[in-house]
Every structure is written in C-alpha cells, then in structure tokens.
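As structure tokens, the structure follows; a few thoughts come after it.
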Amino acid sequence: MVIRGKQPSCSELFLLCLFLGLLLEAWAGKIQYMVPEETDKAFFVGNIAKDLGLQPQELTEHRVRIISRGRTQLFALNHRSGSLVTAGRIDREELCAQSVRCLVSFNILVEDKMKLYPVEVEIIDINDNTPQFQLEEVEFKMNEITTPGTRIPLPFGQDLDVGMNSLQNYQLSSNPHFSLDVQQGSDGSRYPEMVLQSPLDREEEAVHHLVLTASDGGNPVRSGTLRIHVQVVDANDNPPAFTQTQYHMSVPENVPLGTRLLTVKATDPDEGANGEVTYSFHNIDQKIAQIFQLDSDTGEISNKESLDFEEYKIYPMEIQAQDGAGLMARAKVLVKVLDINDNAPEVTMTSVTTAVPENFPPGTIIALISVHDQDSGDNGDTTCSIPENLPFKLEKLDDNYYHLVTERTLDRELTSRYNITVTATDKGIPTLSTETHISLKVTDINDNPPCFPQDSYSIFIPENNPRGASIFSLTAQDADTNENALVTYSLAEDTIQGAPLSSYISINSDTGILYALRSFDYEQFRDLHLRVMAYDNGDPRLSSNVSLSLFVLDQNDNTPEILYPALPTDGSTGVELAPRSAEPGYLVTKVVAVDRDSGQNAWLSYRLLKASEPGLFTVGLHTGEVRTARALLDRDALKQSLVVAVQDHGQPPLSATVTLTVAVADNIPDVLADLGSLKPSADPDSSGLTLYLVVAVAAVSCIFLAFVIVLLGLRLRRWHSSRLLQATGVGLAGVPASHFVGVDGVGAFLQTYSQEVSLRADARESHVIFPQPNYADTLLSQESCGKSEPLLITQDLLEGKKEAFSQVNVL
C-alpha cells in the first residue's frame, strides 16, 4: 500500500506510515490501512479485493459492501478497481479530537456469505491547525511591591493536531521585568508561567505590554499569539486563597438545566477593594465554557446546557479568583458525569434476507444484526433475543453483531410468513429495550404431491345415459402454491372389452370432471374400474392417483322374453291338450319367461289377459302355470284361446303377451270329430289353411277310390274280390279322414291314444305315426297344413298292427 499525501512535504511521513501499516496488517485478524487526513475524495486507501482474496469484478458478484456504525460513511468501495477509497474529506480532529491515535473501524460484509471482515483505518494527522489561545489578550494587575520570583500562570494555547504537529513551545517577548517558564503536567501538557524577574515601579512604568507566542512542531511551523497587559498597582498585602486546591463533583448526566452544581470559595483578608474577590474561568475548553456558567461574585457553577456522559465523562475547569488589587489564586474543578441509562440500544439490520425457500437447511443465515448502546457499563451492556416459539436462533459474533439463523427446516405449508421481533435490552436500571421487526417470507418448493380427499371413489350411473354427459367431478388439493399447486388430471391407460378406456370415458384435465363418451348398457357390463392421475406443475412434477369404481345401474329397458311356448321360426303357434276329464287345478301348461334386467326390473308376474272361455283357466301370478279353474264340460269348445301377459316390476313396467291354444278332448277320434265341426276361423289365413286341408283330404279320398275301382276291374272274375273291397271299405271307415287335419295353426297336439300326425311344410312328404300309448304335444300349424298336398294312405297302413308306422307320400 502506498499513501500519497496531499502536501509533498509529508511524503517521508507517509512512507513511514506505510511501513508500519505493512507490519501491522495481519495483527488481530483485522485488515488495517493508513490514510492521511484532509485528502481528496476517492483517495486510494488500500486494495480491499486482494486482501479479501477476491478479484475486483467479484466485489459486485458477492455483494460486498461497507458496514459502519454511528457515523457518516467515510470510505467507499471502488468496484471497478477493487480498492478502498475515501468518500470525502476526512478531518482527524473532528473524528478523534486529541487522541494520540485516530482509528476508524468498520466492517466489510460479503453479503452472499453473510460474512464480516473487520477493517481498521488509522487517520494520520497533518499539520493543518494553528495553535490558538482562548483569548486574544489578557490583563493582569500586579502590586509594585510584588517580590521577584512571583509566578503568574498564563493561558495556555491549544493545537488540535497531535504529535509533532501539536503545540511544542512558548516564547515571551523580551522584557526586563518578566521571563517565561513552561511547566509540563503529568499528562504531558505544557503550561506557561510568567515569572517576575525584577521589582516593579509604578512610577517608572505603570503598564507593561508583552506577547506570548505558542508554536507547533510541524513543517512549516504554525504559531499563535496572546497579548498580555500587566498593570502595576499600589501595594496589596494578601492574595486571595481558595478553600480547596481542587474541587470534585459528581453529577448525573440528566441533571436539569440551571442546577447549581458546585460553589468555589476564595477568601482575602485584605480590606476594602483589596479584599473583594471575583471569579472567572481560566484555561477552559471552549465547548466546556459553553456548557457551564460561573457566577463571578459567588463562585457558583451551574449548567446552562445538558450534560452528556457519552461526550464528556469528566469536565475539567480551572477557576481563577482575583482581588481588587489584582492578586490572583487558581483552583481546579473536576465535574464527573455519572452515566444513567438514558440511551436505548440501537438495533441495525446490517443485512437481511426477506425471502427464503422452505427447503433451506438449518443454520441458514437470515440476517446480520448489529446492536449498540451509547451508555457505558451495565447501561451499555446489551443482550439480544427473539421469541422462543420461532424456528430461529441468534448466534453472537464479535463486536455485538448477531447472526439470525434457521434452527430447523422451514415448512411453508405450516407457516408461509414469519414476523420476527428482535429485542435488544440493556442491563441498566431501569432497563431499556428496542424492538425491530423482520418480515420473512417462506417461498414454496414443490414438495407436496396433489392429494385426493378419499382413497377411492364409487360412482353410480343409470344405464342409457346420454353421451357426453358429465358423470362425476374429482378434485385434488395441492398444499403448495402458484405453479406448484396447479393440478392437471388424466386417466390411466386401460382397456374395456378390448376397447381403450378413452373411448368410454374422458376427463377434463383442468377441472377433473368426468364425461361419458358412450351410453352404458347394464346388460353389456355392470361395473368399470379405472385410475385417475393428478399431476402438479412443479419441477419436478409430483403426482398421485385414486381408484374410481363406476357402477352401472339397471334401468327397465328390456321387455320380458317368453321362452315357452316358443314361437317356431316358421311362425307356427303352440297348442296344448286338456282332457275333458281334467279336474279343477289340472296343469295344462306353463308359460316360462325371463327378463334381461335385474332386481325389481326382472321380477315377473303373469296374468290371464284374455280367454275365449272366461273362468275356465287360471294363470299363476308368479309361476306362470296355466291350470283349469273348473271341470271341463261337454259344452266347452274344443278350441280354447288364451292370451297370457307377462309383466315386470320396473318403472315404468314393461310387458309381453303370448297366445295359447288349448284343445279340449278325451281321445284323438273325438278331437278329430270335433275339429270337423269347428267353425272356420275369422282369420283369412286360418280359413285358407283349412280349405287346403279339406282339399288335400278330398284328393286323397279320390285317389283311394280310384285305386279301389282299379282293383275291382282287375278282379271282376272273383266274387270274393267284392268282399275284399267291402272289407277294405269297412277298415277305412274306422279311420276317418278327419284324423289328418291341422287346426288353426296347430303344430302338434296330445291325445289319450298318443297318436301323432305330422305335416311338414318344408318337405315333400308327411308322416302319420301311431306309437305305443303315450303323450305327444306337437301339431303343425294351419299354414303348414295348407301347404301340404293331399294325403295317400296305403292298404298296408290299414292292415298293419296298431303300433305300425305309416308313411304317406305327398304328391
């Protein structure tokens, strides 16, 4: 470091200071510099960047700045060059008064590291102040009988500089009666005294004029003068005498203005004017003279301004007592100021962070706090504290600095902002304290995934729902904030019956509303299981999922389906046989139906909707069984038509009907005989079918008769042929043609003799079967019979056994 003085004459002194600064640079871990006072602004003090181990450009990057306390900023940082420079003119005397060393201490803060570096700059004095006397002239009165050797204290000069630049010597102008003697006090101060060398003669010279010159040791030398007038008076035997050579007084600094602090007393045994004593300040600092007031007649000392312990701990004064003849005496007065606790601690936020992420580790520095109390002793001893219920603590550093650090990891979701009250308290009586507040915002990080209120959800939706309708709404909450709390929704990929889930259900990614893309069918599937994903918008993205079960509720959208009697594919209708001998409650048949719905929608009930003979048959409400309600009578028609309705219990109820045809007869011949007497059906299709059947029977009869005639012609010679023919005729009369007829769409029927007649509409031949006695229940419909050709019954059929099978070819 090179210190260049403003005045070239001080270069040697600056080089010496530089050498001393280099020797002391590493002392006590402080960065130390020296700079002369009265330098220009931006004067180079030292390379602070180098001493901090940084490059000049890094000063800005690390936010390096100066932290000073209680005074105007004297120094500044040049971030371009990395040097410490003066911020303006520095007056050493204003800063340090008469102190031997003038040290300015401050700290360099590397803010991004929250680290302090103490810096100490010594201000080097230059000879910029001239020695001065408090008065320009002073007058003394001396009796002409004063003996040689008498000493008269003279006002001393003051030089604000220190060291060699301070006041070094006094000179008194030449006078045959007076000489100068300079005394040195215990503190090194010089006190001039004028010594009477030879007797005075008022008649010879009544007034003596002298000049006292005070000079410093600077280069160039500066000096100040005091004019002295000595008036020779007539004889005065006794000078004034103080009761004490030194007065001591201790007063608190908060003493009210105008308070009488002390009274000095000097006595003079002379009479008249020679015994009248007046008091005055002698050799007193100008600032002290402005604070205290001395009554020249009584010697009372009072304060006309407030006392300040922080400025002066002891106010030294010298009081002079002078009688009317000019004889004087002097006494010292020391007013000691007692410190009271009148200054509350000062809390300064040297550096503070207003926002901190919630994931910062414990020990993170939040603020650098400086606490200072201008009082002394216990009054200036301070402690700093924060509330105990906060996750922070204070770490004390040197020079009453504190670090406010985190004690544990913060959680924004618990507390997003802290108002920290820092309290500095002194130990005085009464205790004074100062509070300052730090508002700390905890910024969010993405440490919370979206969360659904439930682990799973169940949705119940009726089938046949409209497409595109909203069916459910999901909401996931994210405890984070801003972008970290922005939740989007999606469905986990899956398939349903081979189709992607997205073809059935969609979700609004912003609102979480689910939409049905299809109309659901309970009979197709009854439940659907899927997973809904929720993602936030943080970095990295966090997610959660929830299971969703969709249950399709059945609606009454299917009519009952009748399984029996089943309608054949050719459109024929089933006919049931009821014997005339059937008792009441006889089971004729049973209607069997099912409903594809479920629950109440599939509960079926049966009722007789219409009957050709009311009251003859009943239908079981829940079983569908068709039973006779009474005994069958001869007058009851062979053909009974029943319409049975099957109805479910849905809302609204749906129903289906089936028409049953019941043939009433005891045996097949009766059935066939009765069938011939049946009135033709009003149905055109049924009438046509009957017509076809009659034509077929007639054709078969004609063919048969023709065959008989042929046989008669061939066997005319034989008389017995006529008997054979007659016998054949008798045999055929036992099986009337009415045995082979279909009744109103009958596909099959039962008879007591268990004969079965089958006519097939989709074949070229029909079958007539006479098995062993049993029950068969199938008849062909009239339509099938109508499409059949006339029947041919061979001779073998008539002559065969009862169980023989006869086949008649349809031409």
Side-chain angles (χ1 to χ4, degrees), residues 37-38 71 89-100 102 123 125-140 152-163 165-170 182-183 185 187-193 211-216 218 222-229 246-247 249 251 253 255 257-259 261-262 264 278-296 299-322 328 330-337:
E37 64 172 331
E38 303 294 340
R71 60 180 52 173
R89 187 185 69 85
I90 299 176
D91 187 352
R92 181 191 183 281
E93 290 72 37
E94 182 180 349
L95 292 175
C96 305
Q98 297 295 310
S99 300
V100 177
C102 183
I123 310 300
D125 181 51
I126 65 173
N127 193 22
D128 59 339
N129 291 282
T130 300
Q132 293 180 348
F133 292 94
Q134 186 175 355
L135 302 174
E136 294 183 359
E137 61 181 32
V138 63
E139 183 177 345
F140 298 104
I152 302 175
L154 298 177
F156 57 81
Q158 290 182 333
D159 193 331
L160 298 179
D161 295 324
V162 295
N165 295 326
S166 65
L167 194 151
Q168 297 295 320
N169 57 74
Y170 292 95
V182 179
Q183 300 292 328
D187 58 353
S189 301
R190 301 172 186 271
Y191 302 99
E193 293 182 349
V211 176
L212 178 63
T213 302
S215 303
D216 61 22
R222 293 176 178 267
S223 62
T225 60
L226 172 68
R227 295 189 298 272
I228 302 174
H229 303 285
Q246 195 171 63
Y247 293 86
M249 180 64 180
V251 294
E253 60 177 326
V255 63
L257 298 181
T259 301
L261 306 178
L262 178 67
V264 294
T278 59
Y279 302 94
S280 62
F281 286 121
H282 181 72
N283 288 336
I284 186 173
D285 187 90
Q286 293 181 357
K287 291 184 179 179
I288 299 178
Q290 295 174 358
I291 296 173
F292 296 95
Q293 182 177 358
L294 175 63
D295 190 317
S296 60
E300 290 182 358
I301 300 175
S302 60
N303 63 317
K304 57 183 180 180
E305 291 187 7
S306 300
L307 306 183
D308 189 357
F309 174 84
E310 288 70 40
E311 184 177 4
Y312 285 97
K313 294 178 175 58
I314 296 178
Y315 290 94
M317 294 173 282
E318 189 174 11
I319 307 299
Q320 178 178 277
Q322 185 173 356
M328 297 171 291
R330 293 181 179 86
K332 286 189 176 182
V333 176
L334 298 177
V335 178
K336 183 178 181 181
V337 181

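What you see below is based on every heavy atom in this structure, not just the backbone, and it leaves out hydrogens, waters and symmetry mates. Predicted model only: the values in this text are computed from it and were never measured.
Under the rule for a side-chain contact (heavy atoms from CB on, under 4.5 Å), the partners of Cys96 that lie at least two apart in sequence or sit in another chain are Ser99, Cys102. The side-chain hydrogen bond (donor to acceptor under 3.5 Å, both in side chains) test applied to Gln183 returns Asp181, not counting sequence neighbours. Among residues two or more places apart in sequence or in another chain, the side-chain contact (heavy atoms from CB on, under 4.5 Å) test is passed with Val182 by Tyr170, Leu180, Arg190. Residues that satisfy the side-chain hydrogen bond (donor to acceptor under 3.5 Å, both in side chains) test with Gln168, not counting sequence neighbours, are Ser166. Shown here are the ring pair (Phe, Tyr, Trp, His ring centres under 6.0 Å) partners of Tyr312, two or more places apart in sequence or in another chain: Tyr315. Asn283 meets the side-chain contact (heavy atoms from CB on, under 4.5 Å) test with Pro155, Phe156, Glu318; sequence neighbours excluded. By the salt bridge (charged side-chain N to carboxylate O under 4.0 Å, His left out) test, Glu300 pairs with Arg260, sequence neighbours left out. In this structure, the side-chain contact (heavy atoms from CB on, under 4.5 Å) partners of Gln246, at least two apart in sequence or on a different chain, are His248, Lys332, Leu334. Residues satisfying the salt bridge (charged side-chain N to carboxylate O under 4.0 Å, His left out) criterion with Glu193, sequence neighbours excluded, are Arg151. Judged as a salt bridge (charged side-chain N to carboxylate O under 4.0 Å, His left out), and not counting sequence neighbours, Arg330 has no contacts. When the side-chain hydrogen bond (donor to acceptor under 3.5 Å, both in side chains) test is applied to Asn169, no partner is found at least two apart in sequence or on another chain. For Glu310, there are no salt bridge (charged side-chain N to carboxylate O under 4.0 Å, His left out) partners at least two apart in sequence or on another chain.
Taking OG1 of Thr225 as the start and CD of Gln132 as the end, the distance is 10.5 Å to the nearest 0.5 Å. Expressed to the nearest 0.5 Å, how far CD1 of Ile319 lies from OH of Tyr279 amounts to 10.5 Å. In this structure, CG in Leu226 is found 7.0 Å from CG in Leu135, a value given to the nearest 0.5 Å. The distance from atom CG of Leu160 to atom CZ of Arg92, rounded to the nearest 0.5 Å, is 10.0 Å. Atom-to-atom distance recorded for Arg227:CZ and Glu137:CD is 4.5 Å, nearest 0.5 angstrom. One finds the CG atom of Asp161 at 4.0 Å from the CG atom of Asn129 (value rounded to the nearest 0.5 Å).
Remark: Glu139 CD is packed, more than 12 non-hydrogen atoms of other residues, nucleotides or ligands lying under 6.0 Å away.
At least one side-chain heavy atom of Ile288 sits less than 4.5 Å from a side-chain heavy atom of Pro316. Proximity of Phe292 to Leu307: side-chain heavy atoms (C-beta onward) are separated by under 4.5 Å at one or more points. In this structure, Asp216 and Asn165 have side chains that are not in contact, with every pair of non-hydrogen atoms separated by 4.5 Å or more. With contacts defined as side-chain heavy-atom distances shorter than 4.5 Å, the pair Leu167/Gln158 does not qualify. Residues Thr213 and Ser215 meet the side-chain proximity criterion, which asks for heavy atoms closer than 4.5 Å. Counting only heavy atoms from C-beta outward, the side chains of Arg89 and Asp91 approach each other to under 4.5 Å. Between Leu257 and Asn303 the shortest side-chain heavy-atom distance falls below 4.5 Å. The shortest side-chain heavy-atom distance between Met328 and Phe140 falls under the 4.5 Å cut-off.
Considering every non-hydrogen atom in both Asp128 and Glu37, the closest pair reads OD1-OE2, 3.3 Å. Contact record, Arg222 with Asn127: NE-O, 3.1 Å, taken as the closest heavy-atom pair. In this structure, Phe133 and Gly224 approach most closely via the heavy-atom pair CE1-O, 3.5 Å. Contact record, Pro192 with Leu212: CG-CD2, 4.1 Å, taken as the closest heavy-atom pair.
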